[in-house]
J.: 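Would you mind keeping the following structure in view while I ask a few things?
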Amino acid sequence: LAGLRAQNDSSAVATEGIALDAGPGVAKAPRLPVLDEAPGGVTVEAWLQGDGVVLDCRRGDVGIRLRRRGAVVSFDVNGASFDYAAGADARHVAVVVDGGPRLATWVVDGHFGDGGEDAVLGYAFFDALGDANGAATCAVGAAARRVRVYGRYLRTSELVANHRAGRPEA
């Protein structure tokens, strides 16, 4: 409960579980937990600066990818895709995949993604996703100023604080 109470004031970047923190270029792929086994989870967080590929760690259909096309941000994992209408002016997005309830949620510019006026809901349930460890390296695209991948699900409060901490330098 302490984290929830501190949500309105916290601006510290979550550091527990960071598996990748990189700007545009090529980076060693993070080791991810199995996504559909509790407490398996992953969080991909990005500061955006345009359209296109934000992060791609796939080998074939195995692995993770985050991309942006106009107002829509898509997270692909092992062939499954979770889209969210984040808005064309969104600067900070995060997708949280929680293997316990098998739920994917979005946090955009410091707000929980509830779907807004563009969708009925801003979250999705999923069936088995399995092991999402794909390629040995990840491409961080020019659409990202910075990307963080956590080998755990982050709480919405942690992502609100990460947003408040401000955009990291590339």
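Numbers here are sequence positions counted from 1.
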J.: Please find the pair of heavy atoms, one from Pro30 and one from Val149, that lie closest to each other, and give the distance.
T.: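 Heavy atoms only, the tightest pair is CG-CG1, 3.9 Å.
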J.: Just jot down the salt bridge (Lys or Arg N to Asp or Glu O under 4.0 Å) partners of Asp56, sequence neighbours excluded, or say none.
T.: Arg58
J.: Just jot down the salt bridge (Lys or Arg N to Asp or Glu O under 4.0 Å) partners of Asp21, sequence neighbours excluded, or say none.
T.: Arg146, Arg148
J.: If we only count heavy atoms from C-beta on, is the Val77 to Phe126 side-chain gap below 4.5 Å?
T.: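 A side-chain contact is absent here, since even the closest heavy-atom pair is not under 4.5 Å.
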J.: What are the two closest non-hydrogen atoms of Ala29 and Ala135, and how far apart are they?
T.: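 Scanning both residues, the minimum pair turns out to be CB-O, 3.1 Å.
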J.: Answer with yes or no whether the hydrophobic clustering places Val42 together with Val13; edges join I, L, V, M, F, W, Y residues whose side-chain heavy atoms lie under 4.5 Å apart.
T.: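 No, no single cluster joins them.
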J.: Would a distance-only check, ignoring hydrogens and angles, find a side-chain to backbone donor-acceptor pair under 3.5 Å from Asp83 to Val72?
T.: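 Here the side-chain-to-backbone pair does not exist.
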J.: Taking atom CZ of Arg152 and atom CG of Leu32, what is their separation to the nearest 0.5 Å?
T.: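 Reported value, rounded in 0.5 Å steps: 13.5 Å.
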J.: Just verifying a value: how many Å separate Ile64 CD1 and Leu55 CG, rounded to the nearest 0.5 Å?
T.: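 So the gap between those two atoms works out to 5.0 Å.
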J.: Checking Ala86 now: which residues fulfil side-chain contact (heavy atoms from CB on, under 4.5 Å) with it, not counting sequence neighbours?
T.: Val73, Tyr84, Ala90, Val93, Val108
J.: Which pairs pass ring-ring contact (aromatic ring centres under 6.0 Å, His included) with one or both residues in residues 127-157, sequence neighbours excluded?
T.: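 Non-adjacent pairs meeting ring-ring contact (aromatic ring centres under 6.0 Å, His included): zero.
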J.: Could you list all the ring-ring contact (aromatic ring centres under 6.0 Å, His included) pairs where at least one residue sits in residues 50-75, not counting sequence neighbours?
T.: none
J.: Quick one: pull up CZ in Phe112 and OH in Tyr123 and give me the separation to the nearest 0.5 Å.
T.: 8.0 Å
J.: Would you say Leu48 and Val54 make side-chain contact, with heavy atoms under 4.5 Å?
T.: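 Leu48 reaches Val54 side chain to side chain.
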J.: Restricting to non-hydrogen atoms, name the atom on Glu158 and the atom on Ala14 that form the minimum distance, rounded to 0.1 Å.
T.: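 That closest heavy-atom pairing would be OE2-CB, 4.0 Å.
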J.: Quick test of your reading: applying disulfide bond (SG atoms under 2.5 Å apart), list the pairs with at least one residue in residues 32-87, sequence neighbours left out, ordered by first then second residue.
T.: Cys57-Cys138
J.: My understanding is that only residues two or more places apart in sequence, or in another chain, count here; which of them pass side chain to side chain donor-acceptor pair (under 3.5 Å) with Arg69?
T.: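 So Arg69 forms a side chain to side chain donor-acceptor pair (under 3.5 Å) with Ser74.
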J.: Is there a path of hydrophobic side-chain contacts, each under 4.5 Å between heavy atoms, that joins Val95 and Val53?
T.: no
J.: Which residue pairs pass the ring-ring contact (aromatic ring centres under 6.0 Å, His included) test with at least one member in residues 15-34, sequence neighbours excluded?
T.: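 Pairs touching residues 15-34 that pass the test: none.
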J.: Considering all heavy atoms of both residues, which atom of Asn78 and which atom of Gly63 are nearest to each other, and what is their separation?
T.: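 Where Asn78 meets Gly63 most closely, the heavy atoms are OD1-N, 2.9 Å.
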J.: Which pairs count as ring-ring contact (aromatic ring centres under 6.0 Å, His included) when at least one residue sits in residues 25-64, sequence neighbours excluded?
T.: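 Pairs touching residues 25-64 that pass the test: Trp47-His92, Trp47-His163.
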J.: Could you name each residue pair satisfying salt bridge (Lys or Arg N to Asp or Glu O under 4.0 Å) that touches residues 90-100, not counting sequence neighbours?
T.: none
J.: If you look at every heavy atom in Ala46 and Leu66, which pair is closest and at what distance?
T.: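 Here Ala46 and Leu66 meet closest at CB-CD2, 4.0 Å.
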J.: For residues Ala27 and Leu20, report the shortest heavy-atom separation together with the two atoms involved.
T.: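 The pair with the smallest heavy-atom distance is CB-CD1, 3.6 Å.
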J.: Quick one: which residue pairs count as a salt bridge (Lys or Arg N to Asp or Glu O under 4.0 Å) with a foot in residues 73-82, not counting sequence neighbours?
T.: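 Only Arg65-Asp76, Arg67-Asp76 qualify under salt bridge (Lys or Arg N to Asp or Glu O under 4.0 Å).
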J.: Taking atom CG of Leu129 and atom CZ of Phe82, what is their separation to the nearest 0.5 Å?
T.: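 Going from the CG atom of Leu129 to the CZ atom of Phe82 covers 5.0 Å.
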J.: Quick one: which residue pairs count as a side-chain hydrogen bond (donor to acceptor under 3.5 Å, both in side chains) with a foot in residues 129-139, not counting sequence neighbours?
T.: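 Applying side-chain hydrogen bond (donor to acceptor under 3.5 Å, both in side chains) to every pair that reaches into residues 129-139, excluding sequence neighbours, yields Asp131-Asn133.
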J.: Can you measure from CZ (Arg155) to OG1 (Thr43) and round to the nearest 0.5 angstrom?
T.: 10.5 Å
J.: Working to the nearest 0.5 Å, report the span between CG of Leu159 and CG of Leu154.
T.: 5.0 Å
